[in-house]
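First the proteins, then the strands, lettered A, B, ... as listed; each starts at 1. For the numbers below, each heavy atom of this structure counts, side chains included, while hydrogens, waters and symmetry mates do not. Here the structure is a predicted model, which is why all the values come from computation and not from measurement.
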Amino acid sequence: MIRVQREDFDIGAELDALTVGRTDIGGLANFVGLVRDFVGKDKAIGADVAALTLEHYPGMTEKRLADIEAEANARWPLAASLIIHRYGRMMPGERIVMVACAAAHREDAFAACQFLMDWLKTSAPFWKQEDTPDGPRWVEADTKDDALAARWKK
Amino acid sequence: MIRVQREDFDIGAELDALTVGRTDIGGLANFVGLVRDFVGKDKAIGADVAALTLEHYPGMTEKRLADIEAEANARWPLAASLIIHRYGRMMPGERIVMVACAAAHREDAFAACQFLMDWLKTSAPFWKQEDTPDGPRWVEADTKDDALAARWKK
Amino acid sequence: MKLLYFAWLRTRIGRAEETLTPPADVVTVGALLEWLRAQGPGYAEALADLSVVRVAVNQDFAQSGDPVKPGDEVALFPPVTGG
Amino acid sequence: MKLLYFAWLRTRIGRAEETLTPPADVVTVGALLEWLRAQGPGYAEALADLSVVRVAVNQDFAQSGDPVKPGDEVALFPPVTGG
């Protein structure tokens with residue numbers, strides 16, 4: 001299941017809904033992305049971020065997320081999967097994205113969850129703008145994310 | 001933080017407690033292990049499991065989990081980490097274990113979370129006994145888990 | 001043809017969307033980008049470096065040689081940065 | 001010396017813990033296991049295949065050559081299966 005929404009989400013409630021009544025799930029891997037208050041690798045050297053605004057492409061964003069989720073389900077035997085991605089303005093500490101994958105075995109759940117995050121980062125139409133002391137700044141794509149996504153190429 | 005307990009836990013509340021008030025966390029990776037109602041790779045060929053009993057070694061179990069957590073924090077720059085492992089009798093669908101790692105960047109959070117699960121599976125003193133139609137059965141260690149843990153050897 | 005612009009392509013071009021009618025010989029993504037670039041200084045600036053411009057045609061990623069035709073929805077945007 | 005047994009080692013030996021006084025020349029984990037094995041049929045059965053027996057001395061994993069001494073807490077158990 002995929003959802004693109006402005007509102008925050010409740011991780012515990014979402015995970016419970018994913019696994020409730022199921023007895024075939026051995027492992028549930030989950031990733032949550034949050035707004036950090038600094039840019040780059042290191043808080044000590046990075047600029048401050050006061051807020052983050054996520055822009056998306058209504059229609060294509062949902063389509064891409066559904067495609068990515070279908071690809072994960074084709075590659076790994078998943079019992080359940082979920083992608084929630086927010087858009088709009090968010091403050092540091094707020095949740096941006098959540099990906100969860102449930103499977104009989106933990107390796108499948110972990111691998112699918114990382115795959116979804118890597119692909120989502122490099123192919124789902126979202127763009128981040130940060131409010132910094134120098135004004136708003138569009139986040140540039142990170143080549144490291146391309147490298148992380150490339151490891152899943154078959 | 002580590003906890004060894006008989007009671008169930010609330011994933012959402014635990015994750016919220018781990019990240020509340022923090023603005024330096026970009027990624028939160030989480031794994032939850034649950035009781036499956038079948039043995040082995042495949043439900044179609046595996047025996048049914050009616051219940052699972054987890055035995056542990058009070059004292060050493062806590063010590064090992066604390067050591068493992070310290071090792072993860074030495075290897076990756078984690079903002080927060082949590083291991084909760086239950087013992088006692090559980091029914092299919094119940095939560096057994098939860099591992100969560102928060103970091104500025106998602107690769108560190110994912111890697112540390114997988115490391116903790118792999119090490120926990122092969123070095124924390126817990127033993128599973130399954131109730132099957134043929135009676136109680138001690139689960140045998142899986143050589144696959146040894147292989148997964150070995151990838152972290154430096 | 002419906003054009004959509006996102007992120008800094010939107011701010012540089014100065015609008016989020018518009019309907020344009022390129023000449024009949026503009027039949028590929030690459031030709032469309034070349035033609036757009038000549039439509040004014042905002043377009044020229046936004047499309048100066050095509051290595052940081054991504055294109056979707058009817059909500060699917062498209063390459064320079066892929067076809068475009070009247071009625072298509074064509075979106076231009078920078079490399080994505082979600083997640 | 002305090003001995004603890006877990007999982008099927010506990011059920012085969014028939015108790016969870018006991019205090020024993022091995023001979024003075026039992027100074028390694030390996031020697032302790034050999035001596036224990038001779039203490040009765042339950043011990044012999046439980047310790048028949050040492051490749052599936054793990055040992056902890058004072059709550060740290062120990063190998064066959066590691067020392068044991070009076071007053072130690074020595075635990076015997078199968079390979080762990082938690083998580």
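- Judged by distance alone, with hydrogens and angles left aside, the side-chain atoms of Glu45(D) form no donor-acceptor pair with the main-chain N or O of Gly42(D) at under 3.5 Å.
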What verdict does the salt bridge (charged side-chain N to carboxylate O under 4.0 Å, His left out) test give for Asp60(D) and Lys63(B), after you've listed the backbone C-alpha separation in whole Å, the side-chain angles of each residue and the deciding distance to 0.1 Å?
CA-CA 9 Å; Asp60(D) 279 321; Lys63(B) 189 171 182 292; 2.7 Å; yes
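- Remark: the Thr132(B) side chain and the Asp134(B) side chain contain no N/O donor-acceptor pair separated by less than 3.5 Å.
- Electrostatic pairing of Glu130(B) and Arg36(B) does not count as a salt bridge here, judged by no charged N lying under 4.0 Å from a carboxylate O.
- Between Lys121(B) and Asp146(B) there is no salt bridge, since no side-chain N of the basic residue sits under 4.0 Å from a carboxylate O of the acidic one.
- Near-neighbour residues of residues 12-34 of chain D relative to chain B, defined by a heavy atom under 4.5 Å from a heavy atom of that chain, are none.
- Heavy-atom pairs under 4.5 Å with chain D were tallied for Arg86(B), His56(B), Lys128(B); the largest tally goes to Lys128(B).
- For chain D, no part of Gln129(B) is nearby; none of its heavy atoms comes within less than 4.5 Å.
- Using cut-offs of 30° and 60° on the angle between ring planes, the pair Trp76(B) and Trp152(B) is perpendicular.
- Residues of residues 73-83 of chain D having a heavy atom under 4.5 Å from any heavy atom of chain B, listed by number: Glu73(D), Ala75(D), Phe77(D), Pro78(D), Pro79(D), Val80(D), Thr81(D), Gly82(D), Gly83(D).
- For chain B, no part of Arg54(D) is nearby; none of its heavy atoms comes within less than 4.5 Å.
- For Arg10(D) and Phe6(D), the positive end is not near the middle of the six-membered ring at less than 6.0 Å and at most 45° from its axis.
- The ring pair (Phe, Tyr, Trp, His ring centres under 6.0 Å) search around Phe31(B) returns Phe110(A), not counting sequence neighbours.
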Using atom types as modelled, flag every donor-acceptor pair under 3.5 Å from a side chain in residues 62-70 of chain D to any protein atom, sequence neighbours excluded.
residue	atom	partner	partner atom	Å
Asp66(D)	OD2	Gln63(D)	N	2.6
Lys69(D)	NZ	Asp72(D)	OD1	3.0

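- A side-chain donor-acceptor contact under 3.5 Å links Asn30(B) to the backbone of Val99(B).
- Looking at Glu69(B), its side chain does come within 3.5 Å of a backbone N or O of Met1(B) through a donor-acceptor pair.
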